[in-house]
**Q** 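Here it is, the structure, as structure tokens.
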Amino acid sequence: MSIPYNHRAIEQKWRKNWEEHPINVNDGKKEKYYCLDMFPYPSGNGLHVGHWRGYVISDVWSRYKLMHGHYVIHPMGWDAFGLPAENYAIKMGIHPSKSTAENVKNIKRQIQEIAAIYDWDMEVNTTDPDFYKWTQWIFVKMFKKGLAYEKEMPINWCPSCKTGLANEEVVNGKCERCGADVTKKNLKQWMLKITAYADRLLADLDKLDWPEKVKKMQTDWIGKSYGAEVDFKVEGKEESITVYTTRPDTLYGATFMVLAPEHELAKGLATDETRNAVEDYIYKSSLKSSVDRLQDKEKTGVFTGSYAINPLNNAKVPIWLSDYVLADYGTGAIMCVPAHDDRDFEFAKKFDLPIIQVIAKDGKEIENMTEAYTEASGTMINSGEWDGMESSVLKREAPAMIEKRGFGKKTTNYKLRDWVFSRQRYWGEPIPIVHCKDCGAVPVPEEELPLLLPDVDSYQPTGTGESPLADIEDWVNTTCPKCGKAAKRETNTMPQWAGSSWYFLRYVDSKNDKELVSREKADKYLPVDMYIGGVEHAVLHLLYSRFYTKFLCDIGVIDFDEPFTKLFNQGMITGKNGIKMSKSKGNVVSPDDLVRDYGCDSLRLYELFVGPPELDSEWDDRGIEGVYRFITRFWNLVMENKDKNVPETKELVKARHKLVYDITNRLESFSLNTVISGFMEHNNKLIDMSRKGGVDKKTLEVFVQLLAPFAPHISEELWEELGHKESVFHCGWPEYDEKAMEEEEIEIAVQVNGKTRAVVTIPKDAAKEEAVAKGKEALGDKLTGNIIKEIYVPGKIINIVAK
RNA sequence: GCCCGCGUGGCGGAACUGGCAGACGCGCAGGACUUAAAAUCCUGUUGUGGUGACACAGUACCGGUUCGAUUCCGGUCGCGGGCACCA
């Protein structure tokens, strides 16, 4: 009896061995491959089996690249600033610097259990001053380029987290972190001008090998639209109001105009009769939260008393105010064409405003219109000189026509807003700005960075719109770097996304104290070739990182403008019935026990076997038994055959090539669950062959090589058992020969009218006559009626059509 | 409301460009070994009918294209996700 499989001893042995003899070494000659995980924030709850999956996927891919002779950059770090870490610290009553350090330690231990080939020399932590020095440095650079600016405006405010939020952090009117209803608060904020990059962020999506879903989400988020700005004169006044529309073709149908209550002209348009009502409406709107505004089912509004003149036909249209028009999109004012827009139609019906149809539906005017006709297709009617034109054509041409006639211009708009970058919280990078009475906002000189986050006892958020830093007088009070007079520090901190927007650049030169990253190393090791993480960051981290990368490229720090060449989103692991794993639900499965009982190798395989890596999968502990059985059976197979000197048979060679073919192709297409089932299937076949006469050594070796990225410990052990001195990871990836796996005879289904009635064995490239004859023979008396047609697709099917 | 994606056994899931539906695994049932159990091994496992070879039905539902459809097309229902008054 040979040695039984002992995962504990084997895994311990190889962990130690890899530590002493690293397998992924940069010799300066190998081609680099950068495979990156989205770095975790150090949560106090530790890792569950769901976190494992992403890390296993990336490690399998990294080891696969390693076996192809690459030097693999596969780092790990900590996204340790920000709300999650701080909220946890507040809850536990431990200072965030302390709780964060503890959590990092614990999670690092757990991550090491995965046995990934992480290069811990590269490790970064966003809360490390040597790291956030450069986070602040980027901010200063942006400030100097005019991309960071201060603005007082109503921003999204989470009353629970007591901080302002970026647009991207508000999901369905709720805080992305805590789920509380988001309100509006008027605050002076630092903003990043991400909108300056809107066009490039949109256009460059084409360059990326990313899931279509994520590209689409970013496209929609950027939300580029094409249309025109049209100027309407206000009757009896000097002013004119500019509206933005994507449907200038419907200009003749504009029967009224609506301004956002916050529009700068709103108040001034009121007449003596309407003044009270108008001011009342503006005041009430200002009190409404964004959630209220969204949830209002009925449209509200007030007539200003003023009229505008449609520049096309000089029609007089009433000007209304309504909060369904957004102040910060387009011009904050719209022309309303109730016949061809749902919202305008609703508003017109409610306030009894005229409706003029300008596009014919099915060639005619609609009687008793009950809903807006929103298609841009049909012939123009009631539109003066435009009558008879096709609306879709006019929609395209109208902006230029309007521009030519001098009452507007062709333009585009984006849904993307500038990034609210201030947080009224303690646990973040201090914004390196000094406010001076004379010089205004002055950046902290670059040589004085990092601007350290002061240590405080009271780090709870104040809720007043001021950061806790505002209370630390000897920190706040400073001198102006420009004029030397007394000045005050900016007390807001940066959002969690600041560090994560560029951390991937730092790994390859993490100890550089002169530069963010040396240009030499950046050119050599960047960008990221493969990025693996959850889809939840589609419009947050992934958009911000692209923006940062483009900026850093523009100022010459790096020479590429897209950070992540290829992106893979792994699905979530959930508990029973697809319920998200959480402590409160009590359905969290910790990897620790499973590693102890079944071993790291088994858990790695099972993480992949549960389902397609890109889809969510329900965790079921029992399934790991099957994987453990496979590993044990494979172990036994190798142990029984390794010293038997079994000669290679044709059948064994065929099986070997088929094995390499299956595993390689499935791995290349990221079908990792079927890679594992492929291993199992081939293992079963080999066990069968082993009983019939044995399995040759070469086949066993190839199997071990293929298994290595997935189950590294057992593979190294068996590789050694097979007589090798060198690590299996340095012995290349096996190749297959399609000719070698071809069968001379194949089984082929014989159908009658498309239904399988028999299976015959025929030569692989049998001629039609032969195949059909054999098929008919096999069918025997199952074939009745007159034969109408005989179909033979070599290698696929024989189908006899009979009546 | 708009835009994506998905519906396959008791369960997780296979089926590459249309070609034997249900690979692989879990679970379950039966058997071998054992005093017994665990572990291990073997057999069976979509449903209905039949002792049986076999027959019929079957990939959410209805219809279409095709010699042939889980796969392509049209419609319906259900589930999940994104956006949500962006003019």
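First the proteins, then the strands, lettered A, B, ... as listed; each starts at 1.
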**Q** When rounded to the nearest Å, what value does the distance between P atoms of G9(B) and U70(B) take?
**A**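 Nearest-Å result for G9(B) against U70(B) at atom P: 14 Å.
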**Q** Tell me what D342(A) touches on the nucleic acid: a base, only sugar-phosphate, or nothing, going by heavy atoms under 4.0 Å.
**A** nothing
**Q** Any idea which of G12(B), C26(B), G19(B) is nearest the F609(A) side chain?
**A** G12(B)
**Q** So that I can tick it off, tell me whether D593(A) and R596(A) are bridged by a salt bridge, with the cut-off set at under 4.0 angstrom between side-chain N and carboxylate O.
**A**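 Looking at D593(A) together with R596(A), the answer is yes, because their closest N to O distance falls below 4.0 Å.
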**Q** Of the listed nucleotides (A14(B), G82(B), G25(B)), which one gets closest to any side-chain atom of T674(A)?
**A** A14(B)
**Q** Would you state whether a donor and an acceptor, one from the side chain of E625(A) and one from the base of G25(B), lie under 3.5 Å apart?
**A** no
**Q** Has R629(A) got a side-chain N or O lying under 4.0 Å from the OP1 or OP2 atom of U40(B)?
**A**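 The answer is yes; a side-chain N or O of R629(A) sits under 4.0 Å from OP1 or OP2.
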**Q** Any strand counts, and the cut-off is 3.5 Å on both contacts for Watson-Crick or G-U wobble. Which nucleotide pairs with G58(B)?
**A**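 Paired with no nucleotide.
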**Q** Does any donor atom in the side chain of E168(A) or W221(A) lie under 3.5 Å from an acceptor atom in the other side chain?
**A** yes
**Q** What integer number of Å spans the C1' atoms of G27(B) and C11(B)?
**A** 7 Å
**Q** Any strand counts, and the cut-off is 3.5 Å on both contacts for Watson-Crick or G-U wobble. Which nucleotide pairs with U40(B)?
**A** A32(B)
**Q** Taking the minimum atom-to-atom distance to the side chain of P612(A), which one of C20(B), G13(B), C85(B) wins?
**A** G13(B)
**Q** Using heavy-atom distances to pick each residue's nearest nucleotide on RNA chain B, tell me which of L416(A) and V793(A) is more 5'.
**A**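 So the residue in question is V793(A).
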**Q** When you measure from the side-chain N and O atoms of K755(A) to the phosphate of A57(B), is any distance below 4.0 Å, counting only OP1 and OP2?
**A** yes
**Q** Roughly, in whole Å, what's the span from CD1 in I687(A) to P in C24(B)?
**A**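 Rounded to the whole Å, the gap is 12 Å.
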**Q** Looking for any heavy atom pair under 4.0 Å, which part of the strands does V759(A) touch: base, sugar-phosphate only, or nothing?
**A** base
**Q** Is there a donor and acceptor pair, one atom on the side chain of K415(A) and one on the base of C83(B), closer than 3.5 Å?
**A** no
**Q** Starting from P on G19(B), measure out to NZ on K768(A) and report it in whole angstrom.
**A**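 My rounded result for the distance is 19 Å.
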**Q** Would you classify R633(A) as touching base, sugar-phosphate or nothing, given that sugar-phosphate means primed atoms plus P, OP1 and OP2, and contacts are heavy atoms under 4.0 Å?
**A** sugar-phosphate
**Q** Round to a whole Å and report the spacing from NZ of K215(A) to P of G82(B).
**A** 21 Å
**Q** Could you check G81(B) for me: syn (within 90° of 0) or anti?
**A**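 Anti, angle beyond 90° from zero.
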**Q** Counting side-chain heavy atoms from C-beta on, which of C67(B), A87(B), G19(B) comes nearest to I334(A)?
**A** A87(B)
**Q** Could you verify whether a donor N or O on one side chain and an acceptor N or O on the other, from Y329(A) and S225(A), lie under 3.5 Å apart?
**A** yes
**Q** Can we say K174(A) and D181(A) salt-bridge, meaning some charged N sits less than 4.0 Å from an Asp/Glu carboxylate O?
**A**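 Salt bridge: yes.
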**Q** C4(B), OP1 or OP2 - any side-chain N/O from K213(A) closer than 4.0 Å?
**A**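 It does not, given that no N or O in the side chain of K213(A) lies less than 4.0 Å from OP1 or OP2 of C4(B).
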**Q** Distance between the C1' atoms of G64(B) and G68(B), in whole angstroms?
**A**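 15 Å, rounded to whole Å.
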**Q** Using the P atom in both, what is the distance from C73(B) to C16(B), to the nearest Å?
**A** 16 Å
**Q** Base, sugar-phosphate alone, or nothing: which one does S677(A) contact when heavy atoms must sit under 4.0 Å apart?
**A** base
**Q** For S225(A) and A87(B), is the shortest distance between a side-chain N/O and OP1 or OP2 below 4.0 Å?
**A** yes
**Q** Could you please name the partner base of C20(B), counting Watson-Crick and G-U wobble pairs only when both distances are under 3.5 Å?
**A**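 Looking at the geometry, C20(B) pairs with no nucleotide.
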**Q** Rounding to a whole Å, what distance do you find between E618(A):CD and C26(B):C1'?
**A** 13 Å
**Q** Does the structure show a Watson-Crick or G-U wobble partner for G25(B), both distances under 3.5 Å? Name it, or say none.
**A** C11(B)
**Q** Side-chain N or O of R691(A) less than 4.0 angstrom from OP1 or OP2 on C42(B)?
**A** yes
**Q** Between N799(A) and G19(B), is there a contact of a side-chain N or O with OP1 or OP2 at under 4.0 Å?
**A** no
**Q** Among W52(A), W619(A), Y628(A), Y598(A), which residue meets the ring pair (Phe, Tyr, Trp, His ring centres under 6.0 Å) test with Y606(A)?
**A** W619(A)
**Q** When you measure from the side-chain N and O atoms of Y324(A) to the phosphate of A87(B), is any distance below 4.0 Å, counting only OP1 and OP2?
**A** no
**Q** If I take atom CD in residue E738(A) and atom P in nucleotide C16(B), what distance separates them, rounded to the nearest angstrom?
**A** 17 Å
**Q** Salt bridge check: are D737(A) and K739(A) linked by an N-O gap of less than 4.0 Å?
**A** no
**Q** For atom P, what is the distance between C67(B) and G12(B), given to the nearest Å?
**A** 37 Å
**Q** I663(A) CD1 to C24(B) P: how many Å, rounded?
**A**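 Rounded to the whole Å, the gap is 14 Å.
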**Q** Which one, C20(B), C56(B), A87(B), comes nearest to the side chain of R757(A)?
**A** C56(B)
**Q** Closest-nucleotide mapping onto RNA chain B: is G795(A) or D220(A) further toward the 5' terminus? I mean the 5' end.
**A**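 So the residue in question is D220(A).
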**Q** With sugar-phosphate meaning primed atoms plus P, OP1 and OP2, does E212(A) contact a base, only sugar-phosphate, or nothing at under 4.0 Å between heavy atoms?
**A**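 Since no nucleic acid heavy atom lies under 4.0 Å of E212(A), the category is nothing.
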**Q** Could you check whether any side-chain N or O of D662(A) sits under 3.5 Å from a backbone N or O of V675(A), counting only pairs where one atom can act as donor and the other as acceptor?
**A**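 Not confirmed, D662(A) side chain does not pair with V675(A) backbone.
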**Q** Of all the choices, A87(B), C20(B), C26(B), which nucleotide is nearest to the side chain of R622(A) once you look at every atom?
**A**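 Closest nucleotide among those given: C26(B).
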**Q** Taking the six-membered ring of Y324(A) (Phe, Tyr or Trp), confirm whether the NZ or CZ of K299(A) is under 6.0 Å from its centre and within 45° of its axis.
**A** yes
**Q** Could you work out the separation of A21(B) and U59(B) based on their P atoms and round it to a whole Å?
**A**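 Their P atoms lie roughly 12 Å apart.
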**Q** Which nucleotide, C24(B), A14(B), A84(B), lies nearest any side-chain atom of E681(A)?
**A**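 Output: C24(B).
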**Q** Roughly how far, to the nearest 0.5 Å, is CG of D199(A) from OH of Y414(A)?
**A**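 With rounding to 0.5 Å, OH (Y414(A)) is 3.0 Å from CG (D199(A)).
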**Q** Mind checking the C1' distance from G63(B) to A69(B)? Whole angstroms is fine.
**A** 14 Å
**Q** Less than 4.0 angstrom between a side-chain N/O of N636(A) and OP1 or OP2 of U40(B), yes or no?
**A**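 No.
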**Q** Both distances under 3.5 Å, Watson-Crick or G-U wobble: report the partner of G5(B), or none.
**A**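 Because both required distances fall under 3.5 Å, G5(B) counts as paired with C79(B).
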**Q** Pairing check on C72(B): which nucleotide meets the Watson-Crick or G-U wobble criteria with it, both distances under 3.5 Å?
**A**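 Across all strands, the one nucleotide that pairs with C72(B) is G64(B).
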**Q** Does A53(B) have a Watson-Crick or wobble mate here (both distances under 3.5 Å), and if so which one?
**A**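 Base-paired to nothing in any strand shown.
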**Q** Reckon R666(A) has a side-chain N or O less than 4.0 Å from the OP1 or OP2 of A14(B)?
**A**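 Checking R666(A) against A14(B): no side-chain N or O falls below 4.0 Å of OP1 or OP2.
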**Q** Look at all strands and tell whether D344(A) reaches a base, only sugar-phosphate, or nothing, counting heavy atoms closer than 4.0 Å.
**A** nothing
**Q** In whole Å, what separates the C1' atom of U71(B) from that of U8(B)?
**A**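 These two C1' atoms come out 12 Å apart once rounded.
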**Q** Do the side-chain N and O atoms of T411(A) and Y226(A) include a donor-acceptor pair separated by under 3.5 angstrom?
**A**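 Absent: no donor and acceptor within the cut-off.
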**Q** Measure from the side-chain heavy atoms of V801(A) and tell me the nearest of C67(B), C26(B), C24(B).
**A** C67(B)
**Q** Just how far, in rounded Å, is P of G19(B) from CD of Q751(A)?
**A**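 Going from CD in Q751(A) over to P in G19(B) covers 11 Å.
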**Q** What is the separation between atom CG on D597(A) and atom P on A39(B), rounded to the nearest whole Å?
**A**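 For the pair D597(A) CG and A39(B) P, the rounded distance is 14 Å.
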